[in-house]
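Report on one structure; see the data block that follows.
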Amino acid sequence: MFWSKIFIPTLKDSPQDAEVISHQLMLRAGMIRKVASGIYTWLPLGLMVLRNIENIVREEMNASGAQEVLMPMVQPKELWEETKRWDKMGSELLRIKDRHDREFCLGPTHEEVITDLIRNNVKSYKELPLNIYQIQTKFRDEIRPRYGVMRGREFLMKDAYSFNLDEESLQDTYLTMRNTYKKILERIGLEYKIVQADSGAIGGEVSEEFHVLAENGEDTIAISDASEFAINTELLLKEGEDINSLEGQPSPDGNGKIVIKKGIEVGHIFQLGKVYTEAMQVNVQSQEGRAVDLFMGCYGIGVSRLVAAAIEQHHDDQGIIWPESIAPFEVNIVAIGYTKEIKIADAANELCATLKSIGYKVIVDDRKDGYGTKIKDAELIGIPINIIIGNKYLENGEIELKHRNGKSTVSQIAELSTIFDRFKK
RNA sequence: CGGGGUAUAGCGCAGUCUGGUAGCGCACUCGCUUUGGGAGCGAGUGGUCGUAAGUUCGAAUCUUACUACCCCGACCA
């Protein structure tokens, strides 16, 4: 991959309307551009990161035994009337009419569609449990979209729905999803907390949120300084009480004291019970031949929000610092004088080929610009490893290996592939 | 929806108070010189000043209405 062949419109200044750092950096790094409030185009670099996260999510979901489907974004009013949500949802639900005046909405979530699918096609307890998921664009006409992709109206979400014969089976699936989410966030490389939550409008009994810890988080969570315990402060505050008054109080789980942190909610898992399956009459024949309503769970991850959350947690004054797991490229070969010095171009191309062959995602900065421009851009877009090939290479074969997190070493080009070889795949 | 703010070139801004026909930096184009921390010189391109109406001989500037966008609150992955 050559830098000059990829559309990466970086910006020196951040646009005035970007407030939080992830939004600023995503714009400056040429990852996204706004189309309307809360609605964005993903440019090549942004899409690469989005896809990387999506793939981690997909791999872990598949490994957990869940099955991928793709449901429609446009959903008929009739299904939403069955659960009474056509009226309940209010203007968050974007409603549209087709040419025959039939009413539809843009899907903000898919309980209705999946439940309809299951009731029409699953007839026996033998086919259960089922856990079905999709990675799809959602639309919620948020009262106030903000912070770029962090709270967009259109966003990419992984949503899974499980159907279980009894409560025990539901809990089993729920725990599997809980563990899967832990794996996903650990694989991406984010510091997070599992937080007891209010199940809110979706209904149901048990629910937990996954929060990526970051200063710009929209949620305030109370965590214990002595255990894994964490809870959304909304559940802890009594009328008129100030959040700061919680700090230092004994933790509700009896271990240690409360510490207040800011979090970005990137995942939410629910045990819904029978709320939807009763409303929409989803039942199967049990072993005894009776019709029984199913237990349902739903499990969401904000895929596009995770991109922003990762940046909130991993950046410095110069730009993004991608965890290797989701970086658009793992290695950037900064070839100074690429267009002029054949020896530099040859060395860069050859190194690129070698690294590719051992499994690295590599980009060569072949642009006509000088060192300053190239390294500034490299730091902005956050590639983990930068290899500088410049005049020192011409003089004595030396190149510099510069990690985005600060460390840098000098070595001979021949040694380099050996170094990388040891680490790779 | 309530409160606050912004709108002038791709991005950042000046000009608005005090009306006189639009400017700066960066980016972009061409040429030459440069190439280890956002290069230099020269020559260029690009704006119905958010939209509409009004006041005026004349409006980016004054008046009114509208729209978009951002921030604070309630909703949520």
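Both backbone and side-chain heavy atoms feed into the values below; hydrogens, waters and symmetry mates do not. In what follows, chains carry the letters A, B, and so on, assigned in the order in which the sequence lines appear, proteins first and then strands, with residues in each chain numbered from 1.
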Most 5' of Arg367(A) and Arg153(A) on RNA chain B, judged by nearest nucleotide: Arg367(A)
Shortest side-chain distance from Glu379(A), nucleotide among A74(B), G37(B), C76(B): G37(B)
Whole-Å gap separating C1' (C26(B)) and NZ (Lys376(A)): 15 Å
C1' gap between A9(B) and G2(B), integer Å: 36 Å
Whole-Å distance separating the CE atom of Met150(A) from the C1' atom of C71(B): 14 Å
Nearest-neighbour nucleotide for the Lys340(A) side chain, C75(B), G37(B), U35(B) considered: U35(B)
Ring centroids of Tyr371(A) and G37(B) base under 5.5 Å with planes under 30°: no
Closest to the Glu92(A) side chain, choosing from C75(B), C11(B), C76(B): C75(B)
From C1(B), U35(B), A77(B), nucleotide with atom closest to Ile143(A) side chain: C1(B)
Short side-chain N/O contact to C75(B) OP1/OP2 from Arg144(A), under 4.0 Å: no
Aromatic plane relationship, Tyr299(A) with Tyr174(A) - under 30° parallel, 30 to 60° tilted, over 60° perpendicular: tilted
Check: Asp377(A) side chain, G38(B) base, donor-acceptor under 3.5 Å: yes
G38(B) pairs with, by Watson-Crick or G-U criteria that keep both distances under 3.5 Å: none
Ion pair Glu111(A)/Arg85(A), N-O distance below 4.0 Å: yes
Length of the line joining Asn232(A):CG and C75(B):C1', which is rounded to integer Å: 13 Å
Pair Gln134(A)-Asp159(A), side-chain donor/acceptor within less than 3.5 Å: yes
Note: Lys392(A)-Glu398(A) ion pair, threshold 4.0 Å (strictly below): no
Donor/acceptor link under 3.5 angstrom from Lys12(A) side chain onto base of G25(B): no
Side-chain N,O (Gln16(A)) to OP1/OP2 (C13(B)) below 4.0 Å: yes
Pairwise P distance, A60(B) and C49(B) [rounded to whole Å]: 6 Å
Residue Asp219(A), side-chain heavy atoms: nucleotide from C70(B), C76(B), C11(B) that is nearest: C76(B)
Nucleotide G10(B), atom P - distance to CG of Leu43(A) in whole Å: 17 Å
Between Tyr133(A) and Tyr161(A), ring centroids under 6.0 Å: no
Closest to the Arg140(A) side chain, choosing from C11(B), C70(B), C76(B): C76(B)
Rounded P spacing from G20(B) to C11(B) in Å: 27 Å
Which nucleotide in G37(B), A77(B), G12(B) has an atom nearest any side-chain atom of Gln318(A): G37(B)
Under-4.0 Å side-chain N/O to phosphate OP1/OP2 contact, Tyr147(A) with C72(B): yes
Options C75(B), G37(B), C70(B), nucleotide nearest the side-chain atoms of Glu142(A): C75(B)
Same-atom distance (P) from U8(B) to A14(B), integer angstrom: 11 Å
Lys262(A)/Glu218(A) ion pair, N-O < 4.0 Å: no
Rounded interatomic separation in angstrom, taking CG from Leu27(A) and P from C70(B): 11 Å
Phosphate-side-chain proximity, Arg151(A) and C76(B), N/O vs OP1/OP2 below 4.0 Å: no
P atoms of C13(B) and U21(B), separation to the nearest Å: 26 Å
Out of C1(B), C72(B), C76(B), whichever nucleotide has its closest atom nearest the side chain of Arg146(A): C72(B)
Whole-angstrom distance between U33(B) and C70(B), as gauged at atom C1': 44 Å
Residue Pro15(A), side-chain atoms from C-beta onward, closest of A39(B), G12(B), A77(B): G12(B)
Lys NZ or Arg CZ of Arg95(A) over Trp86(A) ring: under 6.0 Å, within 45°: yes
Spacing of the C1' atoms in G58(B) and G31(B) (rounded, Å): 43 Å
5' priority, RNA chain B, between Gly372(A) and Val20(A) [closest heavy atom]: Gly372(A)
Short side-chain N/O contact from Thr339(A) to OP1 or OP2 of U35(B), under 4.0 Å: no
Span that lies between the C1' atom of A22(B) and that of G15(B), in whole angstrom: 8 Å
